[in-house]
Amino acid sequence: MTLMNCIERIPEKLREIAERDTAGSFAEDGGIREIVIVASGSSYNAAFTAKMFLENVCGFRVTLVYPNIFVHYGAEIRKEALHLFISQGGKTKLVYEGLLLAKKAGCVTYAMTADRECVIADAADHFVDMGCGEEEYLYRTIGFSATAASVMMFGADLAVRQGMIGEEKLAEIKEDLHRAAGNLERIRQEALVWYEDNKFSLLRRSTMMISAAGDLWPIAQESDIKAMEMVPMMTKSYELEEFIHGPQNAFHDGMLFILYSKQGEDEEKVKKIAAFLKQEIGFCAVVGAAADREDKKDLALTVKSRYFAPLEYITFMQVAAYKMADARGRDLSRGVNSVIGQYIQKTVEGKK
């Protein structure tokens, strides 16, 4: 068993999510127009990935809040909003504390976790299965993709029950998720070829900068986390426009640059930034629509889905980060600084 085996299981999990009612019962939740999502790390990035879909397709107002902000820094609790708390392991301390605060305020609370038998799911009014099953590694690949898909399907199911979209639209969304799932193995293979073509340049650098726009911006953020925790290496992600302002003053040849590009969205800007980086700085890879097919550093990744395209893009970094970690002899079965648990309590004990 390797982490690559987890990546290989993602298509199956997405197909399962497409075919189930991720939302459960909404009988008492009439009139919901806002969803507040409390999560951190890859769970936050997954919710961020879903945000534009929930707003633009389903019609909800969506607010994302980090647990520490929600609990300690006076984040406003809006009683009329549905509150969704996400934790793959089901025992993140601050997520649990935030859920209790929302319940005390009279909010409708949902927990999205990998296992129903956990302290966070037990405390919530309702449970939504994350859909990832048991993931053998802490460095979440199945969990990220399954969470994003489950949050999106949760919103779509809720929107149908609220009369905001119809059953035909829901069927279209489910079909689109199947298209994304069906394309992941091809992208995985393309990412493996890309890695082999570029591994010398990748392995001799210890810093990575990643940028994207639109609904690929959270994919840049998740890529940031994946490379940092798995390889491990110092990483930083920026929204595309911000990337060319202050951050460019720190660019140098010791960095890897990854630019994600979606068809019809900032393609020309990505091409111009890539030209600058390649000619003046060093290694730059464009992943997606703006890729130069004659340049082996680029990957002309082709997506098949409309709504779930970000889950196709993240496959690239899931594979690349794993291969870089493996080449450096990284043991992904354990954390580098696992002793941190002796200093900081990050989880709350309770049910399994």
Side-chain angles (χ1 to χ4, degrees), residues 39-49 51 64 66-69 138-141 144 148 191 194-195 198-199 201-262 265-266 269-288 290-291 297-299 301 310 313-325 327-328 330 332 335-337 340:
S40 61
S42 289
S43 294
Y44 182 96
N45 293 337
F48 191 10
T49 300
K51 177 179 167 67
L64 306 181
Y66 285 104
N68 196 46
I69 302 297
L138 290 174
Y139 310 107
R140 309 304 194 184
T141 52
F144 171 80
W194 177 89
Y195 172 79
N198 294 284
K199 63 182 178 181
S201 294
L202 297 173
L203 294 174
R204 76 182 188 89
R205 291 173 170 86
S206 59
T207 306
M208 184 183 295
M209 301 279 276
I210 311 157
S211 187
D215 62 2
L216 295 184
W217 165 220
I219 296 304
Q221 292 182 308
E222 177 61 14
S223 297
D224 176 337
I225 289 180
K226 283 283 120 8
M228 180 178 285
E229 66 185 3
M230 287 168 57
V231 177
M233 65 192 305
M234 288 305 301
T235 61
K236 182 65 177 175
S237 53
Y238 288 97
E239 195 278 332
L240 190 65
E241 179 62 24
E242 183 184 9
F243 186 64
I244 56 176
H245 290 274
Q248 56 86 19
N249 290 289
F251 293 173
H252 59 78
D253 186 44
M255 297 175 171
L256 300 168
F257 296 90
I258 308 293
L259 304 179
Y260 288 111
S261 170
K262 200 172 182 182
E265 297 182 10
D266 288 307
K269 182 180 288 186
V270 171
K271 289 178 181 178
K272 291 176 180 178
I273 295 172
F276 161 70
L277 289 169
K278 291 176 181 182
Q279 294 174 28
E280 306 294 340
I281 307 297
F283 184 93
C284 172
V286 177
V287 179
K297 293 188 294 295
D298 289 359
L299 177 58
L301 184 152
Y313 278 90
I314 193 57
T315 302
F316 162 80
M317 186 54 72
Q318 290 170 338
V319 170
Y322 167 72
K323 293 296 290 183
M324 292 173 69
R328 293 186 179 194
R330 172 85 161 87
L332 293 174
V336 174
N337 296 310
I340 193 173

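No hydrogens, no waters, no symmetry mates; every other heavy atom, side chains included, goes into these values. Please read these numbers as outputs of a predicted model, since none were measured by experiment.
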Margin query: Per the side-chain hydrogen bond (donor to acceptor under 3.5 Å, both in side chains) rule, what does the pair list look like for residues 247-256, sequence neighbours excluded?
Written below: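 Sorted result for residues 247-256: R205-D253.
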
Next item on the list: If a pair satisfies salt bridge (Lys or Arg N to Asp or Glu O under 4.0 Å) and one of its residues is in residues 226-236, list it, with sequence neighbours excluded.
Entry: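 Every pair satisfying salt bridge (Lys or Arg N to Asp or Glu O under 4.0 Å) with a residue in residues 226-236: E222-K226, K226-E229.
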
Partner set under side chain to side chain contact (heavy atoms under 4.5 Å, CB included) for [X], not counting sequence neighbours:
{"X": "P67", "value": "V38, S40, L94, V95"}
{"X": "A275", "value": "Q279"}
{"X": "S43", "value": "A39, I86"}
{"X": "K269", "value": "L240, E241, D266, I273"}

Note to self: I need the I210 CD1 to F243 CZ distance, nearest 0.5 Å.
What the structure shows: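 Here the interatomic distance stands at 9.5 Å.
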
Next item on the list: Could I get the full list of salt bridge (charged side-chain N to carboxylate O under 4.0 Å, His left out) partners for K199, not counting sequence neighbours?
Entry: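 Applying salt bridge (charged side-chain N to carboxylate O under 4.0 Å, His left out) to K199 gives E196.
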
Between [X] and [Y], which heavy-atom pair has the shortest distance, and what is it?
{"X": "P310", "Y": "I219", "result": "O-CD1, 3.4 Å"}
{"X": "M230", "Y": "L332", "result": "O-CD2, 3.6 Å"}
{"X": "S211", "Y": "A220", "result": "C-CB, 4.2 Å"}
{"X": "L64", "Y": "A47", "result": "CD2-CB, 4.0 Å"}
{"X": "E239", "Y": "A213", "result": "OE2-CB, 3.8 Å"}
{"X": "A274", "Y": "V286", "result": "CB-CG2, 3.5 Å"}

Notebook entry, point to check: Could you go step by step and tell me if F144 and I314 meet the side chain to side chain contact (heavy atoms under 4.5 Å, CB included) rule?
Noted result: CA-CA 9 Å; F144 171 80; I314 193 57; 3.9 Å; yes

Note to self: Taking ring pair (Phe, Tyr, Trp, His ring centres under 6.0 Å) as the definition, give me every residue that meets it alongside Y313, ordered by chain and number, with sequence neighbours left out.
What the structure shows: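 Per chain and number, Y313 pairs via ring pair (Phe, Tyr, Trp, His ring centres under 6.0 Å) with no residue.
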
Note to self: For Y44, give me all partners under ring pair (Phe, Tyr, Trp, His ring centres under 6.0 Å), at least two apart in sequence or on another chain.
What the structure shows: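 So Y44 forms a ring pair (Phe, Tyr, Trp, His ring centres under 6.0 Å) with Y66.
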
Margin query: Angle between ring planes, W217 versus F48, binned at 30° and 60°: parallel, tilted or perpendicular?
Written below: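 Aromatic pair W217/F48 classed perpendicular.
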
Check: Which of parallel (below 30°), tilted (30 to 60°) and perpendicular (above 60°) describes F316 and W194?
Finding: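 Perpendicular: the ring planes of F316 and W194 meet at over 60°.
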
Validation: residues 255-262 side-chain donor-acceptor distances under 3.5 Å, sequence neighbours left out:
residue : atom : partner : partner atom : Å
Y260    : OH   : S223    : OG           : 2.7
S261    : OG   : A290    : N            : 3.0
K262    : NZ   : D215    : OD1          : 3.0
K262    : NZ   : D215    : OD2          : 2.9

Next item on the list: Using the side chain to side chain contact (heavy atoms under 4.5 Å, CB included) rule, take H245 and Y238 through it: C-alpha gap first, then chi angles, then the decisive distance, then the call.
Entry: CA-CA 10 Å; H245 290 274; Y238 288 97; over 6 Å; no

Next item on the list: Go through the structure and list residues passing side chain to side chain donor-acceptor pair (under 3.5 Å) with T141, not counting sequence neighbours.
Entry: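 So T141 forms a side chain to side chain donor-acceptor pair (under 3.5 Å) with E135.
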
Next item on the list: Kindly write out the residues that satisfy side chain to side chain donor-acceptor pair (under 3.5 Å) with Y322, not counting sequence neighbours, or none if the list is empty.
Entry: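 So Y322 forms no side chain to side chain donor-acceptor pair (under 3.5 Å) with any residue.
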
Give a yes or no answer on whether the side chain of [X] reaches the backbone of [Y] with a donor-acceptor pair at less than 3.5 Å.
{"X": "N45", "Y": "P218", "answer": "no"}
{"X": "R328", "Y": "V231", "answer": "no"}
{"X": "D224", "Y": "S237", "answer": "yes"}

Next item on the list: Apply side chain to side chain contact (heavy atoms under 4.5 Å, CB included) to the pair M233 and M208, showing each step before the final yes or no.
Entry: CA-CA 7 Å; M233 65 192 305; M208 184 183 295; 3.9 Å; yes

Item checked: S206 and M234, any side-chain heavy atoms less than 4.5 Å apart ->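 In short, these two side chains do not touch, never coming nearer than 4.5 Å.
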
